[in-house]
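Notes to accompany the following structure.
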Amino acid sequence: MTGYVWLIPVFPLIGFLINGLFGKRLSRKTIGVIASGAILFSFLLACVIFFQMNSSVELSEKGIRNVLFPWIHIGDFSVNFGYLFDRLSGSMTLMVAGVSFLIHVYSIGYMAEEEGYWRYFAYLNLFVFMMLTLVLADNLLLMFVGWEGVGLCSYLLIGFYYTTEVASDAGKKAFIVNRVGDFGFMLGMFFLFTLFGSLEFQHIREAVISAGLKPEHGMGLITLATVLLFLGATGKSAQIPLYVWLPDAMAGPTPVSALIHAATMVTSGVYMIVKLNYVFQLAPITMLTIAWIGGLTALFAATIGTVQNDIKKVLAYSTVSQLGYMFLALGVGAFIAGFFHILTHAFFKALLFLGSGSVIHAMHHAFHHAGIHDKDPQDIRNMGGLKKYMPKTYWTFLVATLAIAGFPPFAGFFSKDEILWKTFASSHRVLWAIGAFAAILTSFYMFRLVYLTFFGEFRGSKREEEALHESPSVMTFPLIALAVLSVIGGWIGFPHIFKLPNVLEQYLEPVIENTGGIHFLHNSALEWGLMDVSILCAIAGWLFARTLYAGKSDVPGKLAKTFSYFYSILLNKYYVDEIYFALIIRPVKKIGDFCWLFIDTIIIDGTVNLVAYLARCFGRIYSLYQNGAVKVYALTMLGGILVLFWIFF
Amino acid sequence: MNVSINYFMLAPFLILTAGIIVLSLMGVLKENGKQTSGVVASIFLLGDLYYFVKLMPKVSYRSLDYLNGAIHYNLFNLYLSILVIVCAIASFVLAEGFLREEDFRHSEFYAIILSSIMGMLAMLNTVNLINIFVGLELTSIPLYSAVAYFRYKERSVEGGLKYFVLGSIASGFFIFGIALIYGATQSVVFREILTATKDDSLFKLGLLFILSGIAFKASAVPFHMWTPDAYEGAPTPVTAFMSIAPKAVAIVILVKVLYAMFPDMFGLWHKAMFVIAIATVLVGNLGALVQNSVKRMLAYSSIAHAGYLLMAIVAFSVEGISAILFYLAGYLLINIGAFGSLSLLKKGDIDFVDYDNLRGIGYKYPFFGLLLSIFMFSLAGIPATIGFVGKFYVFKSLIVKGEYILALIGILGSLVSVYYYLRVVVMMYMKENPEENEFKFNLLSLVLLTVCAVGVIYFGLFPQSINKIAVMAARVLI
Amino acid sequence: MFESSFLSLVTFFPLLAVFILLFFSSRAEKGIKVFGIIFSIIHFLISLKLLFDFDYSVYKLQFVEKSKWIASHFLNSQYFIGIDGISLFIILLTTFLMPIIFLSTYSGITKKVKSFYINMFLLEVGILGSLVALDLFLFYVFWEIMLIPMYFIIGVWGGERRIYAAIKFFIYTMAGSLLMLLGIMYMYRVAGTFDVFKLYGYHFSLKEQIYLFSVFAIAFAIKVPVFPFHTWLPDAHTEAPTAGSVILAGVLLKLGTYGFLRFAMPLFPDAMVKFAPYVIILAIVGIIYGALVAMVQKDIKKLVAYSSVSHLGYVMLGLFALTIYGMQGGMLQMINHGISTGALFLLVGIVYERKHTRLISEYGGIAKVMPLYATFFMIVTLSSIGLPLTNGFVGEFSILLGTFKSSWQHAWIYTAFAATGVILGAVYMLWMYQRVFFNTEPSEENKNLEDLKIREIAYLVPLVIMIFWIGIYPSFFFRRMEKSVDYYLRIFKSKQTVMLIDAGKGGIR
Amino acid sequence: MVGMLDYAILSAVLFTVGVVGILIRRNIITIFMCIELMLNSVNLLFVAFSRYMGHVDGQIFVFFIFAIAAAEAAVGLALVVAYFKLKETIEVDEIKLLKG
């Protein structure tokens with residue numbers, strides 16, 4: 001079966017083609033089956049190949065490589081369409097395929113009444129194909145294909161409700177901000193090609209190891225290359241400068257947010273850096289910037305998340321914050337911890353989004369039933385006390401909240417704690433402090449969300465309340481599956497002080513080359529202490545949220561009024577969008593107008609028409625001179641004679 | 001002393017004299033002579049043409065001389081004579097339809113043109129200055145009356161009058177120049193002038209006046225003022241004839257005078273011709289830009305083309321002369337075509353020659369539209385037409401002699417010319433026609449125009465046949 | 001040496017169509033249109049033989065024909081035609097686009113149909129002629145003849161300001177080519193021949209090269225158009241009928257870049273090396289300027305016109321980077337631009353036929369009413385902004401790679417600025433796409449817009465196939481171009497007195 | 001003794017008088033007379049040169065010039081008559097129809 005690695009991404013492609021071309025004529029049921037079936041096939045095939053790979057030592061070292069056909073061959077630059085299934089990309093594929101399958105099943109229920117049903121599933125399948133191409137690519141250029149492909153699908157899916165300006169604006173914004181990132185990625189690729197002569201991962205890896213490059217070589221080019229690649233990653237994984245598109249991307253259907261803007265696409269930036277860890281380690285300056293940007297994003301997004309009133313916006317900022325953690329891990333050199341957080345985050349964040357999806361679905365029905373059209377089904381201020389009506393959603397949502405907040409038995413605790421420990425262990429004290437404080441905020445806004453949505457009384461009319469009911473089983477089954485994963489997901493990466501086997505660490509060990517000379521101090525006592533600190537942070541956040549929101553007190557209202565200035569800044573996302581608009585978008589439009597109206601029409605076109613006008617003027621002047629009087633004619637002849645005189649003598 | 005009259009050498013002139021006499025009598029004797037007078041005139045011309053074509057082989061390597069240069073046949077002169085006669089025949093064909101439409105036909109018209117032709121032949125086939133002067137006058141005086149042929153139309157008479165006054169001034173200068181040359185060198189024959197000891201200042205003054213006299217005829221700039229008015233006033237076939245034959249002869253005389261008589265004063269007249277050529281091209285093109293009558297535009301365009309020919313003179317090389325000869329052949333075809341097409345647009349005594357009259361013609365008369373477009377593109381110098389090849393030769397001869405500035409101005413001129421030539425095409429194809437005016441096209445003229453159009457395209461693609469003759473003729477001179 | 005006169009057959013085949021059309025009565029419009037379509041398809045099939053028999057193992061001129069044309073004393077040019085890797089694909093692009101254009105103008109052109117088709121066929125002869133001509137004089141003749149039919153197409157069947165646009169187009173291009181004519185004359189005087197390949201061998205002095213290169217460069221820069229000379233393009237495109245702007249964008253613009261590659265660069269390598277940095281800067285300015293101005297356009301066709309200024313900035317950048325990647329990328333981008341911008345104009349034409357307006361504000365949310373049209377438009381938009389797996393990406397990537405690896409000073413700064421074009425491209429195309437297809441429910445009069453007809457789908461599908469074929473399997477094209485581009489690069493290296501490396505000292509090696 | 005130079009000067013003076021006459025006078029007939037004057041001044045010059053160079057050709061040329069002057073005058077007057085019949089005026093300044 002090792003020869004069919006390329007089939008894993010091709011199954012969703014076939015699904016896309018069928019749904020895309022014949023979707024209109026197929027019934028809704030068949031569309032859903034084809035779409036989910038395609039993902040299921042590729043997931044099963046991935047499992048088979050995964051086990052087959054791990055069965056033979058030699059294969060699991062080198063990974064399975066299928067080269068399909070030559071793509072671009074010019075001079076010494078040669079790139080093929082080839083897929084590489086090694087340990088890292090294998091595990092990522094499993095996660096992507098698995099989560100996608102669950103979300104596809106969930107979407108069948110969620111999108112039941114939406115028109116354009118076939119279009120939705122076609123785009124979703126196309127997205128999975130692009131994501132798998134990105135994950136399984138054996139060279140950077142093919143990864144770039146997947147990179148921009150997922151950007152395109154996120155554009156199509158965010159703008160799914162294209163008749164509303166908000167959705168299509170958000171889609172366009174996502175694509176363009178991603179394009180800014182891709183600009184960096186492309187330049188990074190050029191540098192890498194100049195340095196290593198090829199874009200294939202294995203080729204680069206051998207070049208780095210055989211040359212025995214060390215960071216102290218002061219490689220200006222390597223730093224430039226890695227910074228540019230990181231710029232690409234920030235674009236795709238929504239870090240500080242280029243994160244603005246993710247909150248707006250919530251305008252798309254919720255399963256889309258779950259799949260693309262929580263589990264898979266946003267983590268591709270992190271995945272790329274993990275895949276090229278041996279190059280990044282050679283550039284200590286870049287590692288530092290990654291760490292700091294990661295830390296700051298985590299804190300920054302968490303603060304905004306605490307005051308948002310739209311359920312999906314809260315989760316969006318939480319995603320940005322969790323991605324900040326991942327980059328923090330990469331920055332300090334804990335690549336495996338970063339990758340571990342990708343996996344766990346995929347599970348509980350997808351679960352959170354799907355949970356909020358079923359809540360919104362229910363609220364939508366309630367408003368529809370009550371005939372109300374102006375209230376926003378996503379606004380948590382209209383909810384409250386849903387625990388009674390949606391028990392399954394509530395319990396799965398609670399599990400995910402515990403996981404993300406970092407309570408011990410759940411997945412989130414292990415991966416986030418690992419990151420915090422590795423940050424502290426690699427002597428980045430300040431960053432650890434930022435991370436810890438962000439952890440408190442994370443747990444605070446998550447529990448605020450839970451209390452406002454599920455606890456207390458329903459803030460809405462009686463007619464809405466009766467219509468509230470649990471989502472159908474096709475939606476709750478994925479919730480439960482993800483809840484289970486959110487719990488056991490963390491157990492594959494026990495910290496070694498637990499004396500339990502850290503499965504992930506040993507498995508991915510060959511993938512990470514220690515070229516950068518990163519070392520972590522080993523002090524188990526310190527590790528235990530820090531673990532307690534992170535648990536305390538989680539509890540603190542929970543208690544703080546409980547006091548504010550559990551009871552009926554209007555403490556949050558008063559607090560908002562006293563710190564109204566800070567509150568409004570946070571509520572309006574530090575006005576970042578407005579700043580971007582003022583600093584970039586408006587000036588560019590102004591320059592565009594200036595270029596067109598002034599330079600183009602007045603200067604360039606002006607000179608062209610001026611030349612024509614001048615010629616015409618000379619003509620007119622001459623025709624006035626030719627006024628028909630014989631005397632004037634005779635005079636010019638005389639003048640001519642005189643001129644000849646002057647020339648001759 | 002026995003002066004034997006060599007009838008063979010005088011044959012062409014005798015034929016034409018007989019023609020003029022017969023035509024004048026026809027007008028008197030037979031009332032219905034009008035119809036056939038065109039044909040009769042053409043027969044005489046064909047006789048002359050036959051004579052010259054027969055003479056060609058004899059003079060290909062040496063020249064026949066008679067009466068100490070009074071009549072001098074060589075390949076160069078014959079080439080021009082044939083060109084002039086063909087042009088005359090063509091304008092007779094155009095006049096056929098034109099005058100019938102105007103129904104103001106007299107056989108004297110043809111007599112006038114024949115006498116003008118005789119004058120040109122006299123000017124061409126001689127190396128004697130006085131003969132040139134007599135030929136010049138014999139050309140111009142009949143043309144003055146030809147221009148004023150429609151004596152009941154104010155435009156025509158006014159054009160003729162202006163042409164007369166300025167023409168006589170110019171010929172006055174010319175003869176004054178000849179007198180000075182005679183004074184300085186005691187002779188009027190090129191060979192003797194070339195070898196005679198010249199005292200400088202008188203000779204230079206003479207050259208100056210001769211130059212201005214001929215430049216008037218070639219409508220070079222300081223002396224071109226008459227051209228637009230005379231061309232616009234004259235009946236269109238006459239304009240066609242005037243814009244080709246006399247101009248060609250004037251240019252060639254200028255070449256012969258400068259190259260044969262004053263080669264050693266090259267430095268002097270090179271500067272003068274340089275200035276005149278540039279001025280002619282610029283004024284010709286810029287003047288044509290703002291006209292709203294196509295006929296007057298074509299008049300200015302003929303000034304511009306004269307400018308290009310003057311540039312070739314400045315080149316002072318065999319290539320330059322062959323370029324002129326080729327260009328004149330092409331110019332004959334195009335101008336007959338252009339003015340011929342205009343002469344067809346006539347109903348009763350109203351000529352439809354303004355740009356606005358051409359609106360929508362391209363679709364009402366597609367064949368006519370095609371013909372006129374071909375001529376316009378050829379005038380503009382678009383490739384695959386003889387106009388382009390002609391300009392190519394001229395500008396290449398300039399570049400070979402290193403006259404880059406002239407070539408550049410020539411290029412700029414033809415660029416400007418593209419605009420007003422295309423305006424004709426624009427009017428024909430891209431503008432709607434508000435009032436409907438019907439035209440009956442004279443079949444014979446249409447045939448002539450088609451022949452010209454085919455010639456323009458054919459020689460535009462395969463110019464070597466004409467070029468070979470032109471080069472042989474040019475070699476005779478230098 | 002002379003294979004059969006197959007290439008002349010291909011070049012002058014449309015003249016046969018013109019001759020036959022003369023016998024059609026101008027009222028039998030339907031007959032003319034069907035004849036046009038069938039004839040152009042046959043012509044395309046015939047021209048495919050060029051592709052199949054093209055031997056790309058080693059660089060040599062193929063389908064060569066050399067016979068006496070004008071042997072006059074001071075002007076002897078030969079009828080010397082032939083093709084190689086460089087001109088092969090542009091010729092095929094022309095014959096490929098013609099049937100598509102005729103299919104699209106089935107309902108587009110209503111008045112004076114017969115003369116329109118005659119003009120289109122004459123235009124095709126002019127284009128093919130200048131692509132195959134290897135004798136400078138012959139090239140110049142075809143180069144100018146091409147202008148006349150295009151002038152008529154814009155002038156007679158165009159929009160409101162068609163006459164101004166037609167004359168501006170004609171005189172602007174004519175100005176450039178007349179300067180080139182002076183250059184050609186000078187070269188003929190010095191080298192004594194018009195044969196391009198003999199001229200490659202002839203070594204002009206540096207001063208001569210500078211003058212000649214600048215003259216040739218201006219003529220081709222106007223045609224491309226390079227930044228300062230581009231103002232005729234938006235007028236010509238917006239005023240031309242759909243068919244006119246497709247052929248104008250599809251092929252006529254490529255003749256400028258083809259001219260650079262075939263004539264300006266190899267004939268004067270030293271001058272080219274001196275001027276290359278300035279041309280590169282102009283190209284980059286063109287990319288960014290074109291994109292910025294396209295962003296603020298209110299008329300779709302003008303937007304697409306400015307986008308082709310930006311795209312061709314890329315092609316020029318590719319050519320003047322003087323690396324194997326850049327040149328191959330530039331060559332491929334010429335074909336890509338022909339396909340994607342041609343398709344864009346066809347699409348705009350479709351919607352113009354329905355609503356007779358090109359203002360973006362008149363549209364909104366028509367994806368709901370015309371879903372199939374929206375999909376095709378999306379695919380072409382993606383190819384135009386260079387999304388991977390489409391043809392645009394392969395071209396742009398190789399050009400940027402070529403610029404990056406070029407040995408000019410600050411090569412990577414050039415690449416960075418040029419790469420911003422990728423972002424700006426996405427901005428203006430998607431913003432236009434959004435305002436036309438999304439944003440609101442379709443307004444009243446947009447409600448009854450009917451979706452694509454079979455005929456329209458028939459001529460869009462081949463373009464989409466080409467988009468993905470070049471996007472996924474470009475080596476089919478690269479392999480055929482490789483040897484020719486190599487040959488031309490070696491010409492620069494061998495003939496240069498000013499070493500390429502010295503000219504660009506600080507380049508990254 | 002009256003030398004060659006004096007005749008040349010006289011002829012030049014006559015010539016300039018003719019030219020200036022054309023520019024100044026308004027009546028066409030007077031202009032014709034000035035033209036004749038110019039031609040006759042050339043005759044004088046010819047005769048003077050042939051006398052001083054003892055070369056008889058000059059004087060023969062004078063006859064040519066007479067003939068031409070006569071022809072010119074004939075045609076010129078015919079034109080003026082035709083113009084007068086149409087426009088009732090022979091003022092040179094009124095001839096302004098063809099211009100531009």
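By convention in this document, chain letters (A, B, ...) are assigned in the order of the sequence lines, proteins followed by strands, and residues within each chain are numbered from 1. Just so you know, these numbers use all the heavy atoms, side chains as well, and skip hydrogens, waters and symmetry mates.
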Is any side-chain heavy atom of [X] less than 4.5 Å from a side-chain heavy atom of [Y]?
X: B:Ile411; Y: C:Leu182; value: yes
X: B:Val400; Y: C:Met185; value: no
X: C:Phe170; Y: B:Val425; value: no

Side chain from CB out, backbone as N, CA, C, O: work out which of these in B:Leu408 comes under 4.5 Å of a heavy atom of chain C, or both, or neither.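 Answer is both: backbone and side chain atoms of B:Leu408 are under 4.5 Å from chain C.
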Under 4.5 Å from any heavy atom of chain C, what part of B:Val471 do you find: side chain, backbone, both or neither?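 Interface part for B:Val471: side chain.
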Might you point out which heavy atoms bring [X] and [Y] nearest each other, and give the distance in Å?
X: B:Leu461; Y: C:Ile70; answer: O-CG1, 3.7 Å
X: B:Pro383; Y: C:Val141; answer: CB-CA, 3.7 Å
X: C:Ile171; Y: B:Val418; answer: CG1-CG1, 4.0 Å

Determine which donor-acceptor pairs between chain C and chain B fall under 3.5 Å and list them with their distances.
unit_1   : atom_1 : unit_2   : atom_2 : d
C:Trp69  : O      : B:Gln464 : NE2    : 3.2
C:Trp69  : NE1    : B:Leu461 : O      : 2.8
C:Ser72  : OG     : B:Tyr393 : OH     : 2.7
C:His73  : N      : B:Asn467 : OD1    : 3.4
C:His73  : NE2    : B:Arg475 : NH2    : 3.2
C:Phe74  : O      : B:Lys396 : NZ     : 3.1
C:Arg162 : NH2    : B:Met430 : O      : 3.4
C:Arg189 : NE     : B:Val400 : O      : 3.2

Please state whether the side chain, the backbone, both or neither of [X] comes within less than 4.5 Å of a heavy atom of chain B.
X: C:Ile148; value: side chain
X: C:Leu181; value: side chain
X: C:Ile167; value: side chain
X: C:Ala71; value: backbone

For the candidates C:Ala166, C:Gly158, C:Gly155, which exhibits the highest count of non-hydrogen atom pairs separated by less than 4.5 Å from chain B?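 Of the candidates given, the most pairs with chain B belong to C:Gly155.
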Atom pairs and distances, side-chain donor-acceptor, residues 121-128 of chain C, under 3.5 Å, sequence neighbours left out:
unit_1   : atom_1 : unit_2  : atom_2 : d
C:Glu124 : OE2    : C:His43 : ND1    : 2.9

